[in-house]
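The structure appears right after this line, and notes come after that.
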Amino acid sequence: MDLELTSEPTLFVEVLLPVPIPGTFTYRVPVAMNDLVQKGVRVLVEFGARKLHTGIIADIHNRPPKNYQAKYLLDLLDDSPTVNELQLKFWNWMAQYYVATPGEVMKAGLPAGLKLSSQSRIQLRPEFDIEEALDLEVLSDKELRLLRSLEQEDSIPYEQAADILEVKNPYYIVKELVRKEAILLFEAVKDKYKPKTKKKLRLNPIFLETEEGLEQLFASLGTKQKAKQEEVLMKFLMMVPVLTNPASNEEGIDKKELLEGGTSQVSASSLTTLIRNGILEEFEFIVSRFEEDEYSATRYQDAEVKLSEAQQAAESQVLGYFEEKDIVLFHGVTGSGKTEVYIELIKKVLDSGSQVLFLLPEIVLTAQMVVRLKKIFGDLLGVYHSKFSDNERVEVWKGVADGRYQVVVGVRSSIFLPFENLGLIVVDEEHEPSYKQYDPAPRYNARDMALVLAQMHKAKVVLGSATPSVESFYHALNGAYGLVQLKKRFGDAQLPEVTLADLKLERKRKTMKEDFSSVLLEQVRNSINEHKQVILFQNRRGYAPYVMCEDCSWIPTCPSCSVSLTYHIHRNQLRCHYCGHSEAVPKSCVQCGSTKIRTMGVGTQKLEEDIKFLIPEARVQRLDQDTTRKKYGYQQIIQDFEQRHIDILVGTQMVSKGLDFDHVNLVGVFDIDRMLNFPDFRAEERTFQMLTQVSGRAGRKKDKGLVVIQTNNVKQTILHKVARADYEAFFRKEIEERKQYHYPPFTRLIKLSVKAEDRDKASAAAGLLARELVKKLGAKRVLGPQEPVINKIRNHYLMDILVKLERQKVNPQKVKEIIREVLGELDGDRQFRKVYVNIDVDPV
DNA sequence: AGCACGCCGACT
DNA sequence: GTCGGCGTGCTC
């Protein structure tokens, strides 16, 4: 036989693994799999001595690695690719741009449910003879004990060995037994994703084959407990017309439905007997985790949305821009009806056969927008949300891959879904910082990545906002993006009136009640008397940001972070919002022994308490991270507020997002000065956006709403711009400052955070880094190192370096290469062991 | 990032 | 001796 002709080529694959090591890993393809390997397929590989990993095939070739022996692929997990080629390209791009590894991007992009988990198991070697080993006296007591237990089982989990042996770490004993060739240690893999099933029942079809079948059936029942069994059967036959409609039997009936449904309950144990005797058959049916709701039958063609003239004009402007530009910034004031325009655009894209991605910031998602879209797009719409379980995410992933979902509404991570042909991406509230991921790497901004993804799909993008980011508005004015504006509220609703409450003055006159100015409190009372609703905005959760000893000013701080501890009232404890540390409130001062420990400052909990005390008849509810932990917590509160079971909603920025309430006529804003004075070049932008958003909650329909902003400095011009809803005035001033001080959009920023347990080490490493960067980039482009305000988190000291690159002159990818190089040097220096550096490209 | 391996000190 | 803590180096 001619080996040359029959032998198959030896193939190798580049496998992407979810590890933070640069590059892919080369594995050898077993000949039997040669025809089955394809890019994007999940594979099972051994990685390191004992670990199994799920990886993705990124490339296939026939070049054996030079310096090592490639391991074999263990298994292929898919028949068809889980990740398409465009996604692989996208991941790669993202890794380059954000200075991350492809593995880190994979980790962020692939839902956990598509990764496999592995567990070590121990098994007795069948050829090993325990008695013989005993005769030879080569086994210790413990070893023997483990072997005896294994005799009874096929295999046991590794952890169980610890219980059997009554030791903490069975590793050495297990290892010794492996050496003696008594046992095998292997990895069992299980697919984490399990479809959800329902138990269904059908009648054994043999009873339907002949005319007399059913009679025989009743005759064949055992004599014992016959009546009960008959009862079950009768109910079944009433619910399933087996004779007139045999297909209904094929389809079966819910087990639960048979047992509990209808008018009577029937015996579950009789049913079990019927199943055991082969009269009824039980089978499992895969169901979707997403309940088919009342809208699912609707086709979007049927759901008419009437656009106002202004909306129609906006839509045709967007379409007009799309003739020549790929990106349009859609600036529409709160309540101007951007959503209807989005919907019309989406319909058009769907009609052309392309897919649509609708991005929303984190918090809004469960609320009204999804319901609205669901009504229109029915079961073509997939929803991707951070509170979904792993399994639910996998179902959306698969739905997108097989084309069941043509529209997806989702949070930032939905840019990773396996779209084949996107035609449009809508980024609503494009200015929202929650589109940016902080930790872990890749620190990506979903808004920016949406632009990249769209380009790869040759799709269009609409960036929508009532308060566009300075960057986006600048690009729009520059002509890089199209600009479409809606300046009037829908249906002639008026913009709210904005009043400033002068806290300095009120304090002097002693008219403050707790943290409420008399101006605000009076308005709250008015609203309640008129049976209107009120929103109070305080962007700080907890009860008080810190507590303090009245006698010596001692403030409890976190043992691991350089921050004061926040007081939470319900558990009566102090908590760190950075690392989660919590402790009881000290009864007396640690420093001077005084018992006069007072809460300082205001959080949402305190506001809630105060307003309940000041207006006892009002029904008050708090909306923040702490009250919305549960999956539907947020939805529940919003619903209660909508249905007017709540008069006053006290909350963090959660209250400011995309919610339309018809009966709110007052919004109160606390602590805005702290936000304005935040040491960040975006502080004013953030404040303006937040105030505009939260103001938008006041007044709908014909009622003019009122916004009361409490401030210590009524002269701050930004507050007056909010009052006039003058975005463009805000923008003009802001863009001048950005230009003057070289901030985005005129520069690109890269922030390096150096982290080490030792403060001097962090400082020294940062110093070295900065010097090297200055050498290569010039002193003007490197700021710092500077110790951040919060200089210690989780027992690691921090130092920041900011790299500023002029937008026109500098190639940012080159600079990232330089940063990688310099970091490599630091990595090689023994002195800087255990120093970590985070790279944040385009920090927000 | 894990995780194995090796070296060191504490304990039965 | 054995256990377990931590520093170091590697993963196709």
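The model shown is predicted, which means the values in this text are computed figures rather than measured ones. Each chain gets a letter, A, B and so on, in the order the sequences are listed, and its residues count up from 1.
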Which of residues 89-110 of chain A have a heavy atom under 4.0 Å from DNA chain B? none
Just how far, in rounded Å, is P of C:dT2 from CD of A:Glu143? 11 Å
Considering only NZ, NE, NH1 and NH2 on the basic side and carboxylate oxygens on the acidic side, decide whether A:Glu825 and A:Lys776 come within less than 4.0 Å. yes
For DNA chain B, which residues of residues 16-28 of chain A approach it to below 4.0 angstrom with any heavy atom? A:Pro20, A:Ile21
d(CD, A:Glu757; P, C:dC6) in whole Å: 11 Å
Nearest-Å distance, CG (A:Leu44) to C1' (C:dC12)? 15 Å
With a distance cut-off below 6.0 Å to the six-membered ring centre and an angular limit of 45° from the axis, does A:Lys816 pair with A:Tyr97 as a cation-pi contact? yes
Expressed in angstrom and rounded to an integer, what is the separation of A:Tyr836 atom OH from B:dA1 atom P? 6 Å
Between A:Asp760 and A:Tyr797, do the side chains contain a donor N or O and an acceptor N or O under 3.5 Å apart? no
Starting at CG of A:Asp827 and ending at C1' of C:dG9, how long is that distance when rounded to a whole Å? 12 Å
With a sphere of 6.0 Å drawn around CZ of A:Phe128, does it hold more than 12 non-hydrogen atoms of other residues, nucleotides or ligands? yes
Among A:Asn445, A:Asp842, A:Asp840, A:Asp448, which residue satisfies the side-chain hydrogen bond (donor to acceptor under 3.5 Å, both in side chains) criterion with A:Lys436? A:Asp840
Could you please spell out the steps behind the side-chain contact (heavy atoms from CB on, under 4.5 Å) verdict for A:Thr82 and A:Leu110? CA-CA 9 Å; A:Thr82 285; A:Leu110 205 62; 4.2 Å; yes
Would you say a side-chain N or O of A:Arg830 is under 4.0 Å from OP1 or OP2 of C:dT8? no
Value in whole Å for how far the P atom of C:dG7 lies from NZ of A:Lys834: 5 Å
Just checking, A:Arg393 and A:Tyr384: is the charged tip under 6.0 Å from the six-membered ring centre and within 45° of the axis? yes
Atom NE2 of A:His53 and atom C1' of B:dC3 are separated, to the nearest Å, by 10 Å
Nearest whole angstrom, please: distance from the C1' of C:dC12 to the OH of A:Tyr68. 4 Å
Report the C-alpha separation of A:Leu88 and A:Leu16 in whole Å, then their side-chain angles, then the decisive distance to 0.1 Å, and conclude whether the side-chain contact (heavy atoms from CB on, under 4.5 Å) test is met. CA-CA 10 Å; A:Leu88 287 173; A:Leu16 213 47; 4.2 Å; yes
A:Phe419 ring center near A:Phe90 ring center (under 6.0 Å): no
